[in-house]
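Presented below is the structure to which this report refers.
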Amino acid sequence: MERAIQLSLENVRGGLGGPFAALVVRDVTILAIGTNQVTTTQDPTAHAEIVAIRGACQAIRDFELRDCELYTTCEPCPMCMGAIYWARLARVYYANTREDAARIGFDDSFIYDQLALPVESRNIPMIQIMHDQAMVAFREWGKSPNKIQY
């Protein structure tokens, strides 16, 4: 965690992005580090946790991090939580809370609120179209002997 906190400070002091950093660790080895790069890369998905997860997956050449831990300077947002669960990390350690983040302008409570609503009640319209046509690929995936489950 000390390394993650150091990286978050370097990110802020260097004007490189928000005050967030993360590490993916397996055993005692750091597989990848990530810092918030949203504004420097113009990528809203470039949160520290996502950057670290991507780097770790590339490092071990696998999309699962089952035997790895994530150290992050803040409680992960909903997007990062999704990535954490999809990567199947064994454990997450965090320092600051989402309430701490909200106090400095990083408030993601509206996303939690939106996810709890029925699709038709969300602020961004979610409109289902071409369901039957899209189901063809789903049916073929279901029958495929070559699929890799994840």
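- The closest side-chain donor-acceptor pair between Glu10 and Gln6 falls under 3.5 angstrom.
- Between His47 and Val38, the closest side-chain pair of non-hydrogen atoms falls below 4.5 Å.
- Taking CZ of Arg91 as the reference point, atom SG of Cys68 lies at 11.5 Å (rounded to 0.5 Å).
- To the nearest 0.5 Å, the span separating CD1 on Ile5 from SG on Cys74 amounts to 11.5 Å.
- Side chains of Ser109 and Asp107: a donor on one and an acceptor on the other come within 3.5 Å.
- If you run side-chain contact (heavy atoms from CB on, under 4.5 Å) between Pro19 and each of Ile104, Asn11, Asn36, only Ile104 comes through.
- The shortest heavy-atom contact between Ala32 and Ala56 is CB-N, 3.2 Å.
- In terms of modelled atom types and a separation under 3.5 Å, the side chain of Thr73 and the main chain of Ala21 share a donor-acceptor contact.
- Residues Asp67 and Arg26 come closest through the heavy atom pair OD2-CD, 3.1 Å.
- To the nearest 0.5 Å, atoms CZ (Arg139) and NZ (Lys143) are separated by 7.5 Å.
- In this structure, OG in Ser8 is found 10.0 Å from CE in Met1, a value given to the nearest 0.5 Å.
- In this pair, Tyr93 and Tyr71 present their aromatic rings parallel. The plane angle is below 30°, not in the 30 to 60° band.
- By the 4.5 Å heavy-atom criterion applied to side chains, Asn123 and Phe110 are not counted as neighbours.
- With hydrogens and angles disregarded, a donor-acceptor distance shorter than 3.5 Å links the side chain of Thr41 to the backbone of Gln37.
- Taking all atoms of both residues into account, the shortest heavy-atom contact from Met126 to Val119 is CB-CG1, 3.1 Å.
- Connection of Leu23 to Tyr94 is not established within any shared hydrophobic cluster, with ILVMFWY side chains joined at heavy-atom distances below 4.5 Å, either directly or through further cluster members.
- Within the hydrophobic cluster formed by Ile, Leu, Val, Met, Phe, Trp and Tyr side chains joined at under 4.5 Å, directly or through other members, Ile60 is accompanied by Val24, Leu31, Ile53, Leu65, Leu70, Met81, Ile84, Tyr85, Leu89, Val92.
- Checking side-chain atoms of Arg88 against main-chain N and O of Trp86 turns up a donor-acceptor pair under 3.5 Å.
- Between the side chains of Thr97 and Asp100, at least one donor-acceptor pair of N or O atoms lies under 3.5 Å.
- Looking at every heavy atom in both residues, Arg54 comes nearest to Thr45 through NH2-OG1, 3.3 Å.
- Cluster annotation: Ile148 and Tyr150 are assigned to the same hydrophobic cluster (Ile/Leu/Val/Met/Phe/Trp/Tyr, side-chain heavy-atom contacts under 4.5 Å, transitive).
- Contact record, Ala52 with Gly34: CB-N, 3.8 Å, taken as the closest heavy-atom pair.
- Scanning all heavy atoms of the two residues, the minimum distance from Glu49 to Cys80 falls at OE1-SG, 3.4 Å.
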